[in-house]
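Because the structure is predicted, anything quoted here is derived from the model rather than measured.
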Amino acid sequence: MAQLGLNDILGALRNKPSEARVKVITKAYELAQTAHQGQKRVSGEDYVQHPIAVAKILAEIGMGGKTIAAGLLHDAAEDTPISLEELRKAFGEEIASLVDGVTKLGKIKLRGSHEEYYLENLRKMLMAMAADIRVIIIKLADRLHNMQTLNVLPPEKRERIARETMEVYVPLANRLGIGEIKSQLADLAFRYIEPEKYVQTKELLDKKFSETEKYVNQSIRELRKELKKGGINVIDIHGRGKSVHSLYMKLITHDMDINRIYDLAALRVIVPEVADCYEALGIVHRRFRPMVGRIKDFISLPKPNGYQSLHTTVFGPEGKILEVQIRTQKMHDEAEFGIAAHWIYHEREKKRRSWRRYIFPKRTPTPSKELIWIRQLREWQSEMGRDDDAFIEGLKIDFFQNHIFAFTPRGDIIDLPEGATPIDFAYAIHSEVGNHATGAKADGKMVTLDHRISNGQVIEILTAKDRKVPNKDWLRFTKTSVAKSHIRRELRRAGLL
């Protein structure tokens with residue numbers, strides 16, 4: 001394997017680096033080289049290659065200089081003579097704090113039952129995430145490189161780490177919207193958890209994609225020509241194949257029949273503005289006949305992790321089915337790098353309008369939409385306390401389960417797990433709305449309080465002031481931890497639980 005160096009990190013940066021950025025990365029690189037000198041990995045390569053690879057991944061997804069520096073130093077405080085205090089003096093509080101956060105996560109060791117380990121791992125990760133989201137992003141990059149070099153470990157250890165990756169790190173990457181890392185982690189974990197199924201699925205994918213490659217290239221040529229004729233400035237248009245694990249998950253739901261999967265190969269069309277996305281969609285539909293019911297507007301109604309794009313499935317050249325995804329460059333970066341894309345645009349904004357620098361705080365701000373999620377995390381942890389059973393069950397439902405959007409009558413978006421009910425919706429708005437709920441409407445029609453909300457529905461909660469205590473039966477069908485905890489609290493206050 002080729003040795004990585006400083007130029008590999010700097011060459012992977014997604015923005016032209018400032019002198020200050022190059023300086024802090026170079027300083028961290030040099031210290032990492034000194035600190036890890038003589039240390040070897042299980043594979044026999046120099047240990048420093050691991051933090052360099054982690055820093056390169058962080059650069060590729062658009063993280064800032066301080067986060068990349070922390071990636072280079074993430075093992076220094078624990079595995080070398082360099083102390084955290086020395087790092088603080090050399091690099092400042094922010095980088096030292098990031099290194100400390102990653103170090104604390106790294107101290108989680110397997111002990112007792114698998115469920116106990118899983119629980120404590122998730123709890124600590126959520127605490128770190130609530131403190132500084134960048135700690136988790138560094139940990140994801142660390143896990144990705146470890147998974148890429150997992151083959152040198154004994155089989156039992158490989159499978160344990162792969163399962164942990166699939167259960168903990170893949171959902172975390174998904175929740176943060178980092179599609180690129182999520183797909184790589186899922187494929188690598190799948191390879192070690194189900195080696196036979198992995199090989200079978202990969203062979204099926206490779207065979208099918210090789211059959212469609214010529215057709216995809218033809219579609220690209222035709223669409224590029226039509227879009228140019230329509231006056232659309234296309235930044236990029238390229239083909240995208242499904243990952244091995246995502247294909248396997250789809251095959252399970254389609255009786256393992258690959259011919260029933262329409263988005264095996266997709267075209268991604270990247271355009272400058274949101275208006276161009278909708279105009280391009282019209283041009284695509286004029287050129288290729290769309291399939292009924294297969295148009296999805298994730299721009300007007302983004303996915304809960306922030307994903308935005310227009311999706312349409314069409315009958316392309318020779319009548320073959322093809323999915324087309326249309327998005328802006330910013331949407332594309334956010335789809336690939338999730339919350340990490342924030343730092344790409346933060347750096348660009350600083351360069352474009354340098355006079356505004358004085359208003360930015362020293363700490364890089366986290367995106368506002370993520371602040372909402374992190375605030376919910378803190379509130380949720382506070383509600384759960386140390387009730388392990390409630391914690392693990394709530395975590396699986398509230399944060400790792402697929403999510404949907406529902407609307408209030410005023411158009412406010414409420415983010416809920418799949419299977420959520422009007423009672424979950426009510427408590428997501430406010431505890432008083434939930435406590436006084438007497439009925440609900442979905443899209444203007446009366447529904448029962450255990451109705452399963454569908455994505456995009458408008459939900460109206462009917463309340464009565466004279467209702468003082470929630471119904472105990474609600475605990476049977478509510479999904480979210482927030483709703484359950486509020487209901488139990490009120491029932492306990494009334495002496496009914």
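Expressed to the nearest 0.5 Å, how far CG of Leu13 lies from NZ of Lys56 amounts to 11.0 Å. Rounded to the nearest 0.5 angstrom, Thr165 OG1 and Phe190 CZ are separated by 14.5 Å. Rounding to the nearest 0.5 Å places CD of Gln184 at 11.5 Å from CG of Leu140.
Under a 4.0 Å N-O distance rule, the pair Glu222/Lys225 does not qualify as a salt bridge. Using a cut-off of 4.0 Å between Lys/Arg side-chain N and Asp/Glu carboxylate O, Lys139 and Asp142 are scored as salt-bridged. Between Glu94 and Arg134 there is a salt bridge, since at least one side-chain N of the basic residue sits less than 4.0 Å from a carboxylate O of the acidic one.
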- Task: Apply the test salt bridge (charged side-chain N to carboxylate O under 4.0 Å, His left out) to residues Glu203 and Lys207: give CA-CA distance (whole Å), side-chain angles for both, the deciding distance (0.1 Å), then the verdict.
- Result: CA-CA 6 Å; Glu203 287 175 351; Lys207 180 176 182 293; over 6 Å; no
Worksheet item: Passes salt bridge (charged side-chain N to carboxylate O under 4.0 Å, His left out), Arg268 versus Glu336? Steps please.
Response: CA-CA 12 Å; Arg268 280 182 179 155; Glu336 296 294 296; 3.4 Å; yes
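Residues Ala442 and His451 approach most closely at CB-NE2, 4.0 Å, considering heavy atoms. Closest approach of Ile461 and Ile459 over heavy atoms only: CD1-CG2, 3.9 Å. In this structure, Leu205 and Lys242 approach most closely via the heavy-atom pair CD2-O, 3.3 Å. Annotation for Lys202 and Val244: closest pair N-CG1, 4.0 Å, computed over non-hydrogen atoms. For Gly62 against Arg14, the heavy-atom pair with the smallest separation is N-CD, 3.6 Å. Considering all non-hydrogen atoms of both residues, Ile181 and Ala173 come closest at CG2-CB, 4.3 Å.
For the pair Leu144 and Gln148, the minimum side-chain heavy-atom distance is below 4.5 Å. At a threshold of 4.5 Å between non-hydrogen side-chain atoms, the residues Ile9 and Leu72 count as touching. Counting heavy atoms from C-beta outward, Val54 and Asp75 have side chains that stay 4.5 Å or more apart. In this structure the side chain of Phe425 reaches within 4.5 angstrom of the side chain of Thr408, judged on heavy atoms.
When the options Ile232, Leu227, Val271, Val284 are evaluated for a side-chain contact (heavy atoms from CB on, under 4.5 Å) with Glu279, the one that passes is Ile232. Under the side-chain contact (heavy atoms from CB on, under 4.5 Å) test applied with Met331, the options Ile326, Val274, Leu310 reduce to a single match, Val274.
Relative ring orientation between Tyr248 and His245 is described as tilted, the plane-to-plane angle lying within the 30° to 60° band.
With 3.5 Å as the limit, one finds a donor-acceptor pair spanning the side chains of Thr421 and Asp424.
More than 12 heavy atoms of other residues, nucleotides or ligands shown are found within 6.0 angstrom of CZ on Arg240.
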